J.: 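One structure, as structure tokens, below. Some questions next.
Numbers restart at 1 for each chain; the letters A, B, ... are given by sequence-line order, proteins then strands. Remember, predicted model here, so these are calculated numbers, not experimental data. Hydrogens, waters and symmetry mates play no part in the numbers below; they use all other heavy atoms, side chains included.
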Protein chains: 2
Amino acid sequence: MNFTTRQVEIIEASKYLIGKKGIQNLTIKNLAKKMSFSEPAIYRHFKDKTEILKALLLFHREIIKSEIIKILDSEKPSLVKIQEIFKFKFKHIEKNPAFVMIIFSETSFQYCSVLSSIVSKIMEQRSKKIIDLLKEGQKNNEIRNDVEAEQLATIIMGGIRKTILSWKLEGFKSDLNLEGEKLWITIQKLIKK
Amino acid sequence: MNFTTRQVEIIEASKYLIGKKGIQNLTIKNLAKKMSFSEPAIYRHFKDKTEILKALLLFHREIIKSEIIKILDSEKPSLVKIQEIFKFKFKHIEKNPAFVMIIFSETSFQYCSVLSSIVSKIMEQRSKKIIDLLKEGQKNNEIRNDVEAEQLATIIMGGIRKTILSWKLEGFKSDLNLEGEKLWITIQKLIKK
DNA sequence: AAAAAGTTAGTAAACACTAACTATATTTGA
DNA sequence: TCAAATATAGTTAGTGTTTACTAACTTTTT
């Protein structure tokens, strides 16, 4: 976990490349160009490409971790701590667009604008439908209206995505439908009047 | 949008390949092998690889769309409609794992188990910290305790991810921090006692 | 003197895709 | 009606490009 200055430079260059055009923009060729030296020189500092990505992830995990520990160790109410973590996450992402590219797969289509615009359009249409439904529900006094329908939709769709993602990362082992039902029970309690 | 039987067969084979090992497993070579014919034969049915992915997305969008319209057109309360869309999404994903691979980027690392396990570990640790905080808040009577902390964490982290993703898909135009604040106001209202 | 960090030139593999040919249906016209 | 013409769907063999990575040599720093 101790990196040389050159290694940190390479990590930063990798971050730049990924942030610009996504994971598939991180090639040894591009990296060498960005570092203004030849391709084989990269291999004097990292065994292979995987090690670079590994370093990138671990290097930043440490930064984020220390920031979160600072928040957790303070003497504030839990809700305030959560809020501060919340704020930190958004600030960090804005400063490090590379992580958006790493975290979101639509990046896979980044190289192909036709496909990425299809995905983005589909998502937008889905959002719109959910928002309309929520507004309807607010009108009919089924759903609380002290909160914006747009934000509720974000929470609902985000919750679904997060549940599916966890299921995937755990190797598809848990019962997805059961997890979905548990999530729904909570969402229902939170949003209904 | 009218596909020949062979085209549908190729779409299904593509879905199978992506579902098994992610987007990067969809190569013409693998597709030809799965179809048990030669690589150039693929090009008799699709102009290029992008067209195959495009067809895959559009083909399934129609299926999902018609299902959602059925739900929307029924005479039920909005909350029930939302619940039904909710259930349908989870059922559909479970039946079509290819879409999980397409939708989530961690897929980008799928080929490299070292990296994907790092990402998954980082996410798990983050979840755990948020859940602990929420439980603490529930104990201290800051946060409502008629809902499980795990589900609240899912909603919070999911909401964050969804907000960031929308920001990305819109081309990083909106003010991310502002969106984050709006989301927080809603989440706070929903979870505090 | 030797270790560290760079160079040029190149390899092998994977990739999407093509040219040119062949077998098999389908359509057409006397 | 049935052979010739044509369209469809497959084949083998190969191209050019991009990829991560290496061998062997040189320069720079310690």
J.: Check the distance between C:dA9's P and A:F37's CZ and give it to me in whole angstrom.
T.: 19 Å

J.: The test is side chain to side chain contact (heavy atoms under 4.5 Å, CB included); show your working for A:S14 and A:L31 and say whether it passes.
T.: CA-CA 7 Å; A:S14 302; A:L31 202 47; 3.5 Å; yes

J.: Could you give the CD1-to-C1' distance, from B:I28 to D:dG14, as a whole number of Å?
T.: 17 Å

J.: Can you say whether the rings of A:H92 and A:H60 are parallel (under 30°), tilted (30 to 60°) or perpendicular (over 60°)?
T.: tilted

J.: Nearest-Å distance, CD (B:Q24) to C1' (C:dA14)?
T.: 14 Å

J.: Does a salt bridge link A:E67 with A:K70, judged by any charged N lying under 4.0 Å from a carboxylate O?
T.: yes

J.: Assign A:L26 to base, sugar-phosphate, or nothing according to its heavy-atom contacts below 4.0 angstrom with the strands shown.
T.: sugar-phosphate

J.: Should B:E51 and B:K54 count as an ion pair when the cut-off is N to O under 4.0 Å?
T.: yes

J.: Please report the distance, rounded to the nearest Å, between CG in A:D48 and P in C:dA12.
T.: 20 Å

J.: Just to confirm, is there a sub-4.0 Å distance from OP1 or OP2 of C:dG6 to any side-chain nitrogen or oxygen of A:R6?
T.: yes

J.: Between P on D:dT18 and NZ on B:K29, what's the gap in Å once rounded to a whole number?
T.: 20 Å

J.: I want to check one thing: is the phosphate of C:dT7, taken as OP1 and OP2, less than 4.0 Å away from some side-chain N or O of A:S38?
T.: yes

J.: Can you tell if the side chain of B:L176 reaches within under 4.5 Å of the side chain of A:K91, non-hydrogen atoms only?
T.: no

J.: Whole angstrom is fine here: how far is it from CZ in B:R44 over to P in C:dA23?
T.: 15 Å

J.: Taking 4.0 Å as the cut-off, does a side-chain nitrogen or oxygen of A:H45 come that near to OP1 or OP2 on C:dA4?
T.: no

J.: Rounded to the Å, how far apart are B:L53 CG and C:dA16 C1'?
T.: 13 Å

J.: Can you tell me which nucleotide in C:dT8, D:dT12, D:dC25 comes closest to the side chain of B:P40?
T.: D:dT12

J.: Using a heavy-atom cut-off of 4.0 Å across all strands, would you classify B:Y43 as base, sugar-phosphate, or nothing?
T.: base

J.: Please state how far atom CD in B:Q7 lies from atom P in D:dG10, giving the value in whole angstrom units.
T.: 12 Å

J.: Identify whether any heavy atom of A:T27 sits under 4.0 Å from a base atom; if not, whether one sits that close to sugar-phosphate; answer base, sugar-phosphate or nothing.
T.: sugar-phosphate

